[in-house]
There are 2 protein chains.
Amino acid sequence: MISQKAKYALRALAALARADDRTPMLIADIAEQQKIPKKFLEQILLDLKHRGLVMSKRGKDGGYLLLKPAHEITFGEILRMIDGPIAPLPCLSQTAYRKCDDCLSEAECEIRHVFARVADVTREVLFSATIADTLHDKSRVAVMLAG
Amino acid sequence: MISQKAKYALRALAALARADDRTPMLIADIAEQQKIPKKFLEQILLDLKHRGLVMSKRGKDGGYLLLKPAHEITFGEILRMIDGPIAPLPCLSQTAYRKCDDCLSEAECEIRHVFARVADVTREVLFSATIADTLHDKSRVAVMLAG
DNA sequence: ACATAGTCTACCAAGCAGATAGAGTTTACG
DNA sequence: CGTAAACTCTATCTGCTTGGTAGACTATGT
């Protein structure tokens, strides 16, 4: 299961992507639209800002804006930021590799091979899906109905 | 990341699968072989017993035995037992479905589609991998070298 | 100056992970 | 029998993470 926080982050980015990309969107508006506790969302957006995904403007007419186009923000990178490694074992993480304490040798590890495949397939999905994929729900439905 | 407990469970089952399937294997031996804290392993094996995966014998010459052939025990079922649902969102779980509290409607949920694909591909891997796949490490290496 | 809106740091309650402790029960065997 | 070997069960513990809340602070527009 992914954390609630990661879910909030993805949905907040989706909200920003759906909005006009010139006029900033208020934290309060995102929070209300997405049913996210406002104070919690503040922290999340601040974090995303520090990592360079969004920018903010203070004071009147302030708010948040996406800094990159939605199709360049992958689910994988957001999950990695918020929840940490994608891999199911520390010894399979690309970004935070760590030897398993109790594992004698990686070559002989009984379970490593299977989880390596899990890591591969989930990375494949998560890094090809972007925030842009969250848009156009209605048109997507229309396409499905048409198809 | 999967829990330490799930890792222990899988490795304990691997140890049992590798052993003679007539003479029971001691908790203490599994623990030592796999570097698992013995008292913790006791709980894990007891749990696996209650769920019908292994059987035990008490007293002298006691120990644990696999109750099903190794190729019929999937990684998926073990992970589900120990760590809970495979799906990354409660609303995508097959065995413990729960509506997301904060999600207005599943049809419109911005992130559900992507995670549904994640759930699909990981289930595919986890339910086709079995404890039998953990065996014959050496022969597997040999095959790889030969191939 | 004043309202608006983001920024930052601290704090907190509940739950979970990863064990450890120890008393109890069953079995084999002499 | 009695005793040692093993599994069984329940309780407990420590530290960390999750999912928030609180509140003071700072920048901005008019």
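As the structure is a prediction and not an experimental result, all values here were calculated from the model. Naming: A, B, ... by sequence-line order, numbering from 1 per chain.
- The minimum heavy-atom distance linking A/V114 with B/L126 is given by the pair CG1-CD2, 4.4 Å.
- Among the candidates A/I131, A/D133, A/L10, the single residue satisfying the side chain to side chain contact (heavy atoms under 4.5 Å, CB included) test with B/I111 is A/L10.
- With salt bridges taken as basic N to acidic carboxylate O contacts below 4.0 Å, none links A/E32 and A/K38.
- Contacts of residues 27-40 of chain A with DNA chain D (heavy atom under 4.0 Å): A/P37, A/K39, A/F40.
- The stretch residues 6-17 of chain B does not touch DNA chain D, since none of its heavy atoms comes less than 4.0 Å from the strand.
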Enumerate donor-acceptor pairs with a distance under 3.5 Å from any side-chain N or O in residues 82-95 of chain B to protein atoms, sequence neighbours excluded.
residue: B/D83; atom: OD1; partner: B/S3; partner atom: OG; Å: 2.5
residue: B/D83; atom: OD2; partner: B/S3; partner atom: N; Å: 3.0
residue: B/D83; atom: OD2; partner: B/S3; partner atom: OG; Å: 3.4
residue: B/S93; atom: OG; partner: B/T95; partner atom: N; Å: 3.3
residue: B/S93; atom: OG; partner: B/A96; partner atom: N; Å: 2.8
residue: B/Q94; atom: OE1; partner: B/R80; partner atom: NH2; Å: 3.4

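- Counting heavy atoms of neighbouring residues, nucleotides and ligands inside a 6.0 Å radius, atom CD of B/E72 exceeds 12 of them.
- What separates CE of A/M1 from P of C/dC16 is a distance of 13 Å, to the nearest Å.
- For the pair B/K5 NZ and C/dT20 P, the interatomic distance rounds to 14 Å; values are reported in whole Å.
- The two atoms that bring B/M25 and B/A15 nearest to each other are SD-O, 3.9 Å, heavy atoms only.
- Spacing between atom CE of A/M25 and atom P of C/dA5 amounts to 13 Å, rounded to whole angstrom units.
- Bounding nucleotides for the chain A contact on DNA chain D, 5' to 3', at a heavy-atom distance below 4.0 Å, are D/dG19 to D/dG29.
- A search for ring-ring contact (aromatic ring centres under 6.0 Å, His included) contacts involving A/F127 returns nothing, not counting sequence neighbours.
- A distance of 13.0 Å separates CZ of B/R123 from OG of B/S128, quoted to the nearest 0.5 Å.
- Ion pair A/K99/A/E106 not flagged as a salt bridge, since none of the NZ, NE, NH1 or NH2 atoms sits closer than 4.0 Å to an Asp/Glu carboxylate oxygen.
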Quiz item: What is the per-nucleotide protein-contact pattern of nucleotides 24-30 of chain C, from the 5' end, where B denotes a base atom under 4.0 Å from a protein heavy atom, S denotes such proximity for sugar-phosphate atoms only, and - denotes neither?
Solution: -BBBSS-
All N/O pairs under 3.5 Å across the protein-nucleotides 11-14 of chain C interface:
none

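- Every residue meeting the side chain to side chain donor-acceptor pair (under 3.5 Å) condition with A/E42, not counting sequence neighbours, appears here in chain and number order: A/K39.
- By the ring-ring contact (aromatic ring centres under 6.0 Å, His included) test, A/F115 is found to be paired with B/F75, residues two or more places apart in sequence or in another chain being considered.
- Residues from residues 75-90 of chain B placing a heavy atom under 4.0 Å of any atom in DNA chain D do not occur.
- Contacts of residues 43-55 of chain A with DNA chain C (heavy atom under 4.0 Å): A/Q43, A/L46, A/K49, A/H50.
- Neither B/L48 nor B/M55 shares a network with the other; the hydrophobic side chains, linked directly or stepwise wherever heavy atoms of I, L, V, M, F, W or Y lie under 4.5 Å apart, form separate groups for each.
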Which donor-acceptor pairs under 3.5 Å do side chains of residues 56-70 of chain B form with protein atoms, sequence neighbours excluded?
residue: B/S56; atom: OG; partner: B/K49; partner atom: NZ; Å: 2.9

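- Remark: A/S56 is in phosphate contact with C/dT7, judged by side-chain N or O atoms under 4.0 Å from OP1 or OP2.
- Shown here for B/K7 and B/I2, the closest heavy-atom pair between the two residues is CG-CD1, 3.8 Å.
- Taking every heavy atom of both residues into account, B/A9 and B/I78 meet most closely at CB-CG2, 4.1 Å.
- Ionic pairing of A/D101 and B/K35 is not present here: no N-O contact between side-chain nitrogen and carboxylate oxygen is shorter than 4.0 angstrom.
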